[in-house]
Amino acid sequence: LPVEVSAGALAYVMFTSGSSGRPKGVGVSRGALANRLWWAQEVFGLSASDRVLVKTPFSFDVSVWELVWPLMVGSSVVVARPGGHRDPAYLAGLGASTVHFVPSMLEAFLDAGVRPVGLRRVLCSGEALSPGLVDRFFGAFPGVELFNLYGPTEAAIDVSWHRCVPGESVVPIGRPVA
C-alpha cells in the first residue's frame, strides 16, 4: 500500500547540545532536510564523477548530508573505515572530491602534508574557521574550493555559508542557505 509522507513528517532524530548547551533530542523534518540537501546541490553541484567522503560519526548531523546528498544526485559515496577519520594519509588516499572537516581536523590534515588526488571542495563547520587556516589551505591546495558553514542541528544541519577566499581578515559565517 502506498504511504503518503508530508514534508512536516519526521526524517530523523538526533541527540545534541545544540544552540542551548543543554542536551536534548532534536527532530528534523523531511522538508527541512530536503531543502538543505537541494540547496547544497544547487550551490555545490555534485555530479556523477564526484566522490563524497563519509567519515563523520552517525551521531553528528553532518553525517546525514555526507551520506544522503550524493545518493540523491548519483554521486559516489566513499565510506571511511572505523577510526579512519584520524588518519590524514588514509583519507587522502580515498580519492574523495568532496569532504567535510571541522577546522581543527582541517589543520591536522594540513599539518600531515598529504596531497589528495581529485579533491575539489572542502566544507568546514562545527568550529570557528580562522583566516590563517584559510590561507594555509589555499597555499596547500590551490584550485580547491573551501566553504565555511554554520548552523545548529535544530536547523537541519546548516543555516549559513560563505565561500572562502585567501587574504580575508575575518572568515564570516556568511549568508543564509535557502
Side-chain angles (χ1 to χ4, degrees), residues 33-57 60-81 83-151 155-178:
L33 177 60
N35 181 71
R36 166 57 176 80
L37 296 175
W38 286 118
W39 165 83
Q41 181 58 21
E42 182 179 314
V43 170
F44 305 117
L46 290 180
S47 69
S49 65
D50 277 300
R51 296 169 48 85
V52 177
L53 178 61
V54 177
K55 56 140 190 60
T56 303
F60 291 95
D61 58 357
V62 168
S63 68
V64 176
W65 74 252
E66 285 179 340
L67 183 61
V68 179
W69 174 30
L71 295 176
M72 285 175 32
V73 297
S75 300
S76 296
V77 172
V78 180
V79 180
R81 69 177 182 234
H85 65 284
R86 294 183 182 103
D87 182 350
Y90 165 75
L91 293 178
L94 293 176
S97 61
T98 301
V99 300
H100 173 270
F101 288 127
V102 294
S104 56
M105 188 170 178
L106 176 59
E107 187 168 27
F109 195 78
L110 290 170
D111 289 347
V114 295
R115 297 296 177 256
V117 175
L119 185 63
R120 294 180 51 209
R121 70 183 66 82
V122 174
L123 286 69
C124 279
S125 66
E127 301 168 356
L129 181 58
S130 72
L133 188 55
V134 169
D135 288 342
R136 278 189 67 202
F137 173 86
F138 285 118
F141 302 114
V144 177
E145 295 180 296
L146 177 64
F147 298 90
N148 188 37
L149 289 87
Y150 168 79
I157 311 168
D158 300 303
V159 297
S160 65
W161 71 289
H162 170 73
R163 182 185 308 265
C164 298
V165 295
E168 294 178 297
S169 60
V170 173
V171 181
I173 62 170
R175 59 184 192 235
V177 302

Kindly give the heavy-atom pair with the smallest separation between [X] and [Y], and that separation in Å.
X	Y	value
Leu106	Cys124	CD2-SG, 3.7 Å
Pro70	Ser76	CB-O, 4.0 Å
Arg163	Glu168	O-OE2, 4.5 Å
Ser160	Ile173	OG-O, 2.9 Å
Leu91	Ala80	CD2-CB, 4.2 Å
Pro103	Ser125	CD-O, 3.6 Å

Any side-chain heavy atom of Ile157 within less than 4.5 Å of one from Leu149?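 Side-chain contact under 4.5 Å: no.
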With a 4.5 Å heavy-atom cut-off, do Met72 and Gln41 have their side chains touching?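 In short, these two side chains do not touch, never coming nearer than 4.5 Å.
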Could you give all pairs that pass the side chain to side chain donor-acceptor pair (under 3.5 Å) test and reach residues 101-117, with sequence neighbours left out?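 Applying side chain to side chain donor-acceptor pair (under 3.5 Å) to every pair that reaches into residues 101-117, excluding sequence neighbours, yields Ser104-Glu127, Asp111-Arg136.
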Using atom types as modelled and distance alone, determine if a side-chain donor or acceptor of [X] lies under 3.5 Å from a backbone N or O of [Y].
X	Y	answer
Lys55	His100	yes
Asp135	Pro166	no
Ser97	Gly118	no
Arg51	Val78	no
Glu66	Thr56	yes
Asn35	Ala178	yes

For [X], check side-chain hydrogen bond (donor to acceptor under 3.5 Å, both in side chains) against everything at least two apart and list the hits.
X	value
Ser49	Ser47
Arg120	Asp50
Arg86	none
Ser63	none

Run the numbers on Trp65 and Val52 for side-chain contact (heavy atoms from CB on, under 4.5 Å), then give the verdict. CA-CA 10 Å; Trp65 74 252; Val52 177; 4.2 Å; yes
Would Val99 and Phe109 satisfy side-chain contact (heavy atoms from CB on, under 4.5 Å), going step by step from the backbone distance to the final call? CA-CA 12 Å; Val99 300; Phe109 195 78; over 6 Å; no
Arg81: what forms a salt bridge (charged side-chain N to carboxylate O under 4.0 Å, His left out) with it, not counting sequence neighbours?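 Once residues adjacent in sequence are excluded, the partners of Arg81 under the salt bridge (charged side-chain N to carboxylate O under 4.0 Å, His left out) criterion are Asp87.
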With sequence neighbours excluded, residues passing salt bridge (charged side-chain N to carboxylate O under 4.0 Å, His left out) with Asp158: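 Expected list: Arg36.
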Is it the case that the side chains of Arg121 and Thr98 hold a donor-acceptor pair, with the cut-off being a distance below 3.5 Å and no angle test?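 The answer is yes; a qualifying pair exists.
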Holding to ring pair (Phe, Tyr, Trp, His ring centres under 6.0 Å), I want the full list of residues that pass it with [X], two or more places apart in sequence or in another chain.
X	answer
Trp38	none
Phe60	none
Phe147	Phe44

Output all residues satisfying side chain to side chain contact (heavy atoms under 4.5 Å, CB included) with Val144, sequence neighbours left out; order by chain, then residue number.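 Partners of Val144 under the side chain to side chain contact (heavy atoms under 4.5 Å, CB included) test: Leu119, Val122, Phe137, Phe141.
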How would you list, by chain and number, every residue that makes a side chain to side chain contact (heavy atoms under 4.5 Å, CB included) with Ala155, sequence neighbours excluded?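 Applying side chain to side chain contact (heavy atoms under 4.5 Å, CB included) to Ala155 gives Pro152, Val159.
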